[in-house]
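Each chain gets a letter, A, B and so on, in the order the sequences are listed, and its residues count up from 1. All values below were derived from every heavy atom in this structure, side-chain atoms included, with hydrogens, water molecules and symmetry-related copies excluded.
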Number of protein chains: 2
Amino acid sequence: MKLFAEKGYDSTSIADILQAAKVNSGSLYHHFDTKQGVLLAVLEAYRDGIESMLIAPAWKGVDDPIERLWALLERYRQLLKMTECAYGCPIGSLALEIHEPDPPVRTLLTANFDRWTDFIEECFKTTAKRFPKKTDFRSLARFVLTTMEGGVMLSRTYRTLDAFDSAVAELKNYISLLQQIAMNPKRKKRS
Amino acid sequence: MKLFAEKGYDSTSIADILQAAKVNSGSLYHHFDTKQGVLLAVLEAYRDGIESMLIAPAWKGVDDPIERLWALLERYRQLLKMTECAYGCPIGSLALEIHEPDPPVRTLLTANFDRWTDFIEECFKTTAKRFPKKTDFRSLARFVLTTMEGGVMLSRTYRTLDAFDSAVAELKNYISLLQQIAMNPKRKKRS
DNA sequence: GTCTATATACGGATAGAC
DNA sequence: GTCTATCCGTATATAGAC
């Protein structure tokens, strides 16, 4: 997980993995058929650990569902900051690096995105009353993911937190406006 | 440009380039010092051609500055659709693929993003009156880029246009809400 | 199940004739 | 400026002893 997140999939050699894990080639190939097998295992670990490794720590002590959105995004911000904007979302990096992913790889990438989106969608659904009636919470949850991934991409490229921060600020403003028009129904509804 | 867009940088071998260009190794290395030299030339070509190759075709026959936003995004949608969601934004792909870009590469990546953002920002500025007074148009323009890149990433991963389409729909809704509160100043301003 | 040694292929890059 | 031939490192993966 560490190597793929930091160096990417292609740039991580089997030799790198052996060295980091302090094992030898024979051991690795006893447990995994190919390098892609290692990738699949890593993606499964992310998928299975998303709640315990990512969501739970991010939401500890945060009860309001909408505040939980920002708490989760804050988590990514911290990772960016800690690494001087070198690493953001490991799943997103792999998703774009692997241009023609074999079906099992793609399935695991989407499974990761789906689970992430599930948690966000749940936040919206439990606060559905705060939003306009016709709000599509699935779409909105995916939009949070979109904003995070896009913001991470730009921040990694610029090596500055600005892009990520301003993306989150715009998203907050959007969510805030949605809540305002729900309280104060004025005219047009969501598309 | 074609190969890096389709296969990525690492996965494109010099041999691939030679075959596609129908030249031999000696010729290529007479004009470029290394493979990275080819990448730099490609990124320069994107940067220098952004107006003629991307913006001008997208905005042909579209006069309203805000409509131009959607026309540009539509351009990316077409590319996704044509390639069955395999290729989206070549700059974004390269930005995430190259984890530790050498300074010259990073400079050219950001130059590409900057120019893109410039065109969008200009759209907002010429319609400044439609938006709340304190709107940060640079931030908003970057947010359009963020949304596009994030949407492209998700659509490429899912191999479906849904993620891209819903991201654009949410963005449209946001821009629309901003214009509504500008016309109908109610309460809170932008952060 | 882990070790060492190695097969085999392909990568980027170079040499030197023309 | 382009050609052919090739160097040399490193990549993934395997073989077979222990």
Peer 1: Please report, rounded to the nearest Å, how far the P atom of C/dT6 is from the OH atom of A/Tyr29.
Peer 2: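 Rounding to the nearest Å, OH of A/Tyr29 and P of C/dT6 are 18 Å apart.
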
Peer 1: Just to confirm, is there a sub-4.0 Å distance from OP1 or OP2 of D/dT2 to any side-chain nitrogen or oxygen of B/His30?
Peer 2: no

Peer 1: Parallel, tilted or perpendicular: which fits the ring planes of B/Tyr9 and B/Phe4, with parallel below 30° and perpendicular above 60°?
Peer 2: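 The rings of B/Tyr9 and B/Phe4 stand perpendicular, inter-plane angle above 60°.
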
Peer 1: As a test of understanding, state which of A/Lys172, A/Lys81, A/Arg77 forms a salt bridge (charged side-chain N to carboxylate O under 4.0 Å, His left out) with A/Asp165.
Peer 2: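 Among A/Lys172, A/Lys81, A/Arg77, the one meeting salt bridge (charged side-chain N to carboxylate O under 4.0 Å, His left out) with A/Asp165 is A/Arg77.
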
Peer 1: Heavy-atom distance under 4.5 Å between the side chains of A/Arg159 and B/Pro101, does that happen here?
Peer 2: yes

Peer 1: Are the side chains of A/Leu109 and B/Tyr158 in contact, using a 4.5 Å heavy-atom criterion?
Peer 2: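 Counting from C-beta outward, B/Tyr158 and A/Leu109 never come under 4.5 Å.
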
Peer 1: With a 4.0 Å cut-off on N to O distance, would you call A/Asp118 and A/Arg138 a salt bridge?
Peer 2: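 Here A/Asp118 pairs with A/Arg138 in a salt bridge, since their nearest N and O are under 4.0 Å apart.
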
Peer 1: Tell me which residues in residues 33-44 of chain B put a heavy atom below 4.0 Å from DNA chain C, sorted by number, or none.
Peer 2: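 Within residues 33-44 of chain B, the residues near DNA chain C are B/Thr34, B/Lys35.
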
Peer 1: Tell me, with the steps shown, if B/Ile120 and B/Arg68 meet side chain to side chain contact (heavy atoms under 4.5 Å, CB included).
Peer 2: CA-CA 8 Å; B/Ile120 301 297; B/Arg68 287 184 164 187; over 6 Å; no

Peer 1: So if I take residues 9-26 of chain B and measure heavy-atom distances to DNA chain C, which residues fall below 4.0 Å?
Peer 2: B/Thr12, B/Ser13, B/Ile14, B/Ser25

Peer 1: Tell me, please, which residues at least two apart from B/Asp64 pass salt bridge (Lys or Arg N to Asp or Glu O under 4.0 Å).
Peer 2: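 With neighbours one apart ignored, the set is B/Arg130.
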
Peer 1: In whole angstrom, give the distance that lies between atom CG of B/Leu28 and atom C1' of D/dC3.
Peer 2: 14 Å

Peer 1: Test A/Asn173 against A/Leu177 for side chain to side chain contact (heavy atoms under 4.5 Å, CB included), laying out the working first.
Peer 2: CA-CA 6 Å; A/Asn173 193 37; A/Leu177 288 177; 4.3 Å; yes

